[in-house]
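Position 1 is the first residue of the sequence, and the numbers go up from there.
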Amino acid sequence: MIQRIQSVYLLLAVVALVGALCLPLGYFVNADGITLMAFKPLGVTLADGSLLSTWGMFALLALAAFIPACTIFLFRNRRLQMRMAIFDILLLLGYHIVLPLFVGTLKNELGSTFQLSWAICLPLVAIILDWLAYGAIRRDDEMVKAADRIR
């Protein structure tokens with residue numbers, strides 16, 4: 001059913017990932033210590049207005065936000081719901097592998113240092129919420145199987 005606790009977990013994961021899509025994940029600070037360039041999943045906007053694109057990170061996060069939104073409505077197919085939750089966790093782990101690569105590349109290209117923002121934790125929160133949703137879906141599946149054995 002759609003009003004189960006796993007739906008709440010998945011909805012909170014969607015909210016966390018949409019927040020991560022919209023908020024800056026950190027800032028690049030030049031050697032002068034004054035110039036800040038916000039690092040968002042879509043890219044870094046330089047002082048002259050040009051954009052260094054990181055569309056791969058944006059695509060990973062957008063897909064990772066779309067999957068739990070769709071998973072909420074798969075309540076009739078618990079097996080598929082569990083697979084989708086695990087797939088979302090794997091996507092977010094891939095995102096956390098790609099993130100330092102992009103930051104390192106951009107740090108070298110811009111010749112600056114990187115300061116983390118609190119929004120970088122939002123995908124980690126989404127991983128935890130996906131894992132909680134997976135556990136709740138698994139418990140529901142076991143409960144339905146046990147009820148079917150009794151009949």
Side-chain angles (χ1 to χ4, degrees), residues 1-28 36-46 49-110 112 114-151:
M1 293 190 292
I2 203 165
Q3 71 268 18
R4 305 295 292 180
I5 190 69
Q6 60 262 26
S7 299
V8 174
Y9 291 146
L10 291 169
L11 183 64
L12 289 174
V14 170
V15 169
L17 290 171
V18 167
L21 278 170
C22 298
L23 297 171
L25 302 174
Y27 297 95
F28 288 103
L36 290 174
M37 293 166 281
F39 176 59
K40 293 184 178 181
L42 197 52
V44 177
T45 305
L46 300 176
S50 63
L51 178 74
L52 291 175
S53 179
T54 56
W55 62 268
M57 284 181 46
F58 182 80
L60 271 174
L61 267 183
L63 183 62
F66 180 72
I67 287 174
C70 292
T71 305
I72 292 171
F73 299 105
L74 296 173
F75 56 89
R76 294 182 193 265
N77 192 346
R78 287 176 302 280
R79 294 272 182 206
L80 182 59
Q81 251 189 339
M82 287 190 286
R83 286 186 195 129
M84 295 295 276
I86 293 296
F87 182 64
D88 195 45
I89 290 171
L90 292 175
L91 268 178
L92 288 170
L93 289 175
Y95 169 79
H96 282 290
I97 291 170
V98 170
L99 178 68
L101 298 175
F102 274 105
V103 169
T105 302
L106 290 172
K107 237 169 64 169
N108 291 339
E109 189 173 321
L110 296 172
S112 59
F114 185 71
Q115 293 179 347
L116 295 174
S117 174
W118 65 271
I120 208 158
C121 296
L122 291 175
L124 291 172
V125 170
I127 289 174
I128 294 168
L129 290 168
D130 279 336
W131 185 254
L132 290 172
Y134 172 78
I137 297 165
R138 192 184 73 238
R139 280 191 301 275
D140 276 357
D141 192 42
E142 290 170 358
M143 184 175 56
V144 167
K145 284 182 184 178
D148 285 345
R149 277 194 301 263
I150 293 174
R151 284 190 211 163

Between Gln81 (side chain only) and Thr71 (backbone N and O only), is there a donor and an acceptor less than 3.5 Å apart?
yes

All salt bridge (charged side-chain N to carboxylate O under 4.0 Å, His left out) counterparts of Arg139, not counting sequence neighbours
none

Residue from Ile86, Leu60, Leu61, Leu17 passing side chain to side chain contact (heavy atoms under 4.5 Å, CB included) with Leu91
Leu60

Sequence neighbours left out, what passes ring-ring contact (aromatic ring centres under 6.0 Å, His included) with Tyr9? Give chain and number order.
none

Kindly write out the residues that satisfy salt bridge (charged side-chain N to carboxylate O under 4.0 Å, His left out) with Arg83, not counting sequence neighbours, or none if the list is empty.
none

In short, salt bridge (charged side-chain N to carboxylate O under 4.0 Å, His left out) pairs touching residues 122-138 with sequence neighbours left out are Arg138-Glu142

For Tyr27, what residues pass the ring-ring contact (aromatic ring centres under 6.0 Å, His included) criterion, not counting sequence neighbours?
none

Exercise: identify the closest heavy-atom pair between Ala20 and Leu122:
N-CD1, 3.6 Å

Between Asp140 and Arg78, is there a side-chain N and carboxylate O pair less than 4.0 Å apart?
no

Please find the pair of heavy atoms, one from Ala126 and one from Leu92, that lie closest to each other, and give the distance.
CB-CD1, 3.8 Å

Ser53 side chain to Gly43 main-chain N or O, any donor-acceptor pair under 3.5 Å?
no

In terms of ring plane angle, is the pair Phe39 and Phe114 parallel, tilted or perpendicular, where the classes change at 30° and 60°?
perpendicular

Euclidean distance, Ser112 OG relative to Lys107 NZ, rounded to 0.5 Å
8.5 Å

For Val14 and Ala65 the tightest heavy-atom approach is CG2-O, 3.6 Å

Restricting to non-hydrogen atoms, name the atom on Leu116 and the atom on Ile120 that form the minimum distance, rounded to 0.1 Å.
CD2-CD1, 3.6 Å

On a heavy-atom basis, the closest approach of Ala64 and Asp88 is O-OD1, 2.8 Å

Looking at Arg76, Arg79, Arg4, which one forms a salt bridge (charged side-chain N to carboxylate O under 4.0 Å, His left out) with Asp141?
Arg79

Partners meeting ring-ring contact (aromatic ring centres under 6.0 Å, His included) with Trp55 (sequence neighbours left out):
none

Considering all heavy atoms, the nearest Ile127-His96 contact:
CD1-CD2, 4.0 Å

